[in-house]
Amino acid sequence: MTGPGVRPTAVLFACSMNAVRSPMAAAITRNLFPNQIYVRSAGVRKGERDPFVDAVMAEIGMDTSKHQPKTFDELDESGFDLVITLAPEAHHKALELTRTEAVDVEYWPTMDPTLATGSREQIMDAYRGIRDQLLMRIKKRLAWTPAPSG
């Protein structure tokens, strides 16, 4: 079990189709905590790769071009100590799958930037907003704080 101030060792990020929000979150976590946290991502349904994700992640020096969307059922691993869900249906699925395990499941409501309309730049801004929101939240939640001694 994890909690505030305790960094998990294995995190699963989950959203609807594992095409936008959860791969962004996984890439950010891998970049911030290399070789410190085992990270995977999954979706309730299998989506298609989204080129806007690659573009906004490249802006901050992160390569997501090799990501292939996966569903929960396609995950080869288990043993996560934290599942962070970014969409309501992913949260329900995660709770269902972990009900007999000692796993923390946290819901971080996160807008779906694929719903953005307008010019290419307006759409990119929607993706940037989600990227930046995830970056701040991940830094805050997964930062390690040593326990007080004594």
Side-chain angles (χ1 to χ4, degrees), residues 1-58 60 62-118 122-145:
M1 302 291 273
T2 63
V6 178
R7 182 184 296 158
T9 58
V11 176
L12 174 65
F13 288 97
C15 64
S16 301
M17 294 187 281
N18 190 223
V20 178
R21 295 166 286 183
S22 56
M24 278 185 181
I28 290 166
T29 303
R30 280 188 203 100
N31 184 271
L32 292 175
F33 306 101
N35 304 314
Q36 296 173 44
I37 300 175
Y38 180 80
V39 183
R40 289 290 178 262
S41 65
V44 176
R45 299 177 312 283
K46 193 169 192 168
E48 296 293 322
R49 286 187 32 74
D50 187 320
F52 286 111
V53 171
D54 294 342
V56 300
M57 296 305 285
I60 61 169
M62 295 183 201
D63 181 8
T64 55
S65 64
K66 291 180 177 57
H67 172 73
Q68 292 301 316
K70 283 186 172 189
T71 65
F72 279 94
D73 297 334
E74 293 174 304
L75 284 173
D76 295 332
E77 53 274 289
S78 60
F80 297 99
D81 26 285
L82 178 61
V83 178
I84 297 174
T85 61
L86 307 169
E89 64 183 326
H91 189 68
H92 294 297
K93 181 76 170 181
L95 289 174
E96 174 188 314
L97 292 174
T98 62
R99 70 181 177 275
T100 61
E101 300 174 28
V103 177
D104 287 332
V105 179
E106 294 180 11
Y107 177 46
W108 296 0
T110 308
M111 187 193 90
D112 181 354
T114 65
L115 302 176
T117 58
Q122 289 169 317
I123 293 169
M124 288 285 287
D125 282 344
Y127 279 74
R128 287 179 187 115
I130 296 306
R131 175 200 65 200
D132 296 346
Q133 175 188 345
L134 289 169
L135 181 62
M136 288 186 330
R137 189 118 193 225
I138 289 164
K139 280 181 179 179
K140 183 177 179 182
R141 172 59 179 92
L142 300 179
W144 181 71
T145 307

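We're numbering straight along the sequence, starting at 1.
For the atom pair Leu82 CG and Asp104 CG, the distance stands at 6.0 Å (nearest 0.5 Å). Separating the CZ atom in Phe80 from the CD1 atom in Ile37 is a distance of 12.5 Å, to the nearest 0.5 Å. For the atom pair CG of Leu135 and CE of Met62, the computed distance is 6.0 Å after rounding to the nearest 0.5 Å. Expressed to the nearest 0.5 Å, how far CZ of Arg45 lies from CG of Asp73 amounts to 13.0 Å. The CZ atom of Arg137 sits 8.0 Å away from the CD1 atom of Ile84 when rounded to the nearest 0.5 Å.
Applying the 6.0 Å contact sphere to CD of Glu96 captures more than 12 heavy atoms from other residues, nucleotides or ligands.
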| field | Test log, rule side-chain contact (heavy atoms from CB on, under 4.5 Å), inputs Phe33 and Val11 | value | CA-CA 11 Å; Phe33 306 101; Val11 176; over 6 Å; no

| request: Dump the intermediate steps for side-chain contact (heavy atoms from CB on, under 4.5 Å) on His92 and Thr85, then the final yes or no. | output: CA-CA 9 Å; His92 294 297; Thr85 61; over 6 Å; no

| query | Going through the distances and angles, do Met111 and Gln133 end up as a side-chain contact (heavy atoms from CB on, under 4.5 Å)? | reply | CA-CA 10 Å; Met111 187 193 90; Gln133 175 188 345; 5.7 Å; no

| query | Could you walk me through whether Ser65 and Asp63 pass the side-chain hydrogen bond (donor to acceptor under 3.5 Å, both in side chains) check? | reply | CA-CA 6 Å; Ser65 64; Asp63 181 8; 2.6 Å; yes

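Summarising the geometry of Thr9 relative to Asp81, their closest heavy-atom pair is N-OD2, 2.7 Å, with the distance given to 0.1 Å. Residues Ile123 and Gly118 come closest through the heavy atom pair CD1-O, 3.8 Å. Of all heavy-atom pairs spanning Phe72 and Ala14, the tightest one is CZ-CB, 3.4 Å. The minimum heavy-atom distance between Val56 and Arg131, with the atom names listed, is O-NH1, 2.6 Å. Taking both residues in full, the closest heavy atoms of Thr29 and Leu142 are given as CG2-CD1, 3.7 Å, listed atom of the first, atom of the second, then distance. Across all their heavy atoms, Val39 and Arg30 have their closest contact at O-NH2, 3.1 Å.
Looking at Arg99 and Leu95, their side chains never come closer than 4.5 Å, going by heavy atoms from C-beta outward. The shortest side-chain heavy-atom distance between Ile130 and Pro113 falls under the 4.5 Å cut-off. A heavy-atom distance below 4.5 Å is not found between the side chains of Lys93 and Ser16. Between Pro69 and Glu48 there is no side-chain heavy-atom pair separated by less than 4.5 Å. Under the 4.5 Å side-chain criterion, counting only non-hydrogen atoms from C-beta, Tyr127 is in contact with Asp50. Side chains of Lys70 and Arg40 form no contact here, defined as non-hydrogen atoms less than 4.5 Å apart. Met57 is listed as a side-chain neighbour of Ile28, based on a closest heavy-atom distance under 4.5 Å. Side-chain contact between Lys66 and Arg49 is absent, with no heavy atoms from C-beta onward closer than 4.5 Å.
In this model, a donor atom of one side chain and an acceptor atom of the other lie less than 3.5 Å apart for Asn18 and Ser41. Between the side chains of Asp112 and Thr114, at least one donor-acceptor pair of N or O atoms lies under 3.5 Å.
Tested against Leu12, the residues Val83, Val105, Val103, Thr98 include a single side chain to side chain contact (heavy atoms under 4.5 Å, CB included) partner, Val83.
Side-chain atoms of Arg21 come within 3.5 Å of backbone atoms of Thr110 as a donor-acceptor pair (strictly under, hydrogens ignored).
Relative orientation of the His91 and Tyr107 rings is tilted, given thresholds of 30° and 60° on the angle between their planes.
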